[in-house]
Amino acid sequence: MGSTDYRSGYGLGADVLFDVDLARQVLAASWFFVGTRGDVAQPKDTFTFALFDDEYTLVHGIDGTIRCFVNRCAHQSARLFSGPTGRTGERIVCPNHQWTYASADGRLLRATGMPDGFVDGPDACRHGLDQIAVREVAGMVFACLGDDPDEAHIDEFGPILAPYTDPFGLDRGGYKLAAHHREVVDANWLLVMVNNRECCHCRANHKGLCKLFDPSSFNGATTPAYQALFDRAIERWEALGLAWQEQPFAPNDSVRVARYPMQDGFDSITFDGAPACAKTIGPFETHDQSTLSMWFNPNAWVHFTSDHIATNWVLPIGGERCALYTSWIVHEDAVEGVDYDLDHLMDVWLVTNAEDVGLCQSMTAGARSAYYRPGPFAPDEQFCTQLCDWYMHRASP
Ligand code: FES
Ligand SMILES: [Fe+2]
């Protein structure tokens, strides 16, 4: 099946799923999620991620701006940053021969062994660090690989998110990265996202998660019991002045926002229902049994609770390999071992994502079959259709 054979309401063809050049083209024409201000909470903090054959590093500049540099020295291409997270200074120094760059703009400041005048010479601009476009919206960071990113599209994110995210003030700081987990997964990144966009697999595969949430919350279905839970939550949210109406990939086709009640007895996204962190965040002075959830095309799902923020996102490395990132962000004054326990904080997403990884590896293997043909999505899998429509729209120049 070629991309011209795509049929809305069905999955993507194998030639689309595994086409790395097409994925690169889509990510050069679209904004994708690459973390939050909480991942690089303090000036000089760095956060490195992989995409295709490259590495990129978010740097929280001393001027407060978050930039994204290609993790490659302009001299002999050594990595400048090692490890997922770290610290840099006003100057970024390559560990190989100590070429030195300004962290504010990537400009080359010092080039060991090069002739006098090299740094200030006419070609100096060719020897700075490469950057890709980033935009911060409500404390969340989006990047684009292209030279001419669609600014008008991302300009719409802020006004949509603001009624939900402003009370948390993630863009204003006050948070810290409590924990981060990443793994390279032998699965196709788009199938990971398709899996994320429906919860029809949840009852059979996420026994733990389903104790926290009624699966109907993720699919838009409504049972009387769930409606009653939701109505009680609306009363609490409205008393706090919090927006709760769902924005279902409209008016912008890359953003979905919804507030969900958790089941009675669950104060946070933890298996035992106990708070994940004693210190509440944003508009909450006491723990609230709910999440503010956001889904971003093409690659992220994010959950704000009353005591932490959990981000999950995926990026392709190859056709059958991707990297899955999860961060847990808490109040900057929260103390590990006092206000939160790392295992307790991380458990739900570590377990749930591991369950999904198994499914996504299985789906990837099946999509490689000579018998593969895209299957139809059920009505409750409407957001899978939305994702595939989104991708095919951007894959067609
Ligand atoms: S490779 Fe970076 S200074 Fe030589
Ligand atoms: Fe899942």
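For ligands, and for the atoms within them, numbers begin at 1 and follow the listed sequence.
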| request: Look at Glu355 together with Lys207 and state whether they make a salt bridge at an N to O cut-off of under 4.0 Å. | output: no
| So, is the end of the Arg91 side chain (NZ or CZ) under 6.0 Å from the ring centre of Tyr101 and within 45° of the ring's axis? | no
| field | the Fe ion (ligand 2) reached by His201 (N, O or S, under 2.8 Å) | value | yes
| message | So that I can check it, does any N, O or S atom in His206 come closer than 2.8 Å to the Fe ion (ligand 2)? | response | yes
| message | I'd like to know if Asp264 pairs up with Arg232 as an ion pair, taking the criterion as any Lys NZ or Arg NE/NH1/NH2 lying under 4.0 Å from an Asp or Glu carboxylate oxygen. | response | yes
| request: Starting from atom 2 (Fe) of ligand 1, count all protein N, O or S atoms within a radius below 2.8 Å. | output: 2
| request: May I ask you to check if Arg37 and Tyr175 form a cation-pi contact, with NZ or CZ under 6.0 angstrom from the six-membered ring centre and within 45° of the axis? | output: no
| query | Cationic tip of Arg259 within the cone over Trp244's six-membered ring, i.e. under 6.0 Å and within 45° of the normal? | reply | no
| field | Heteroatom test (N, O or S) for Asp356 near the Fe ion (ligand 2), limit 2.8 Å | value | yes
| field | cation_pi(Arg182, Phe47) dist<6.0 Å, angle<=45 | value | yes
| Considering the options Val137, Thr311, Asn297, which one meets the side-chain contact (heavy atoms from CB on, under 4.5 Å) requirement together with Phe33? | Thr311
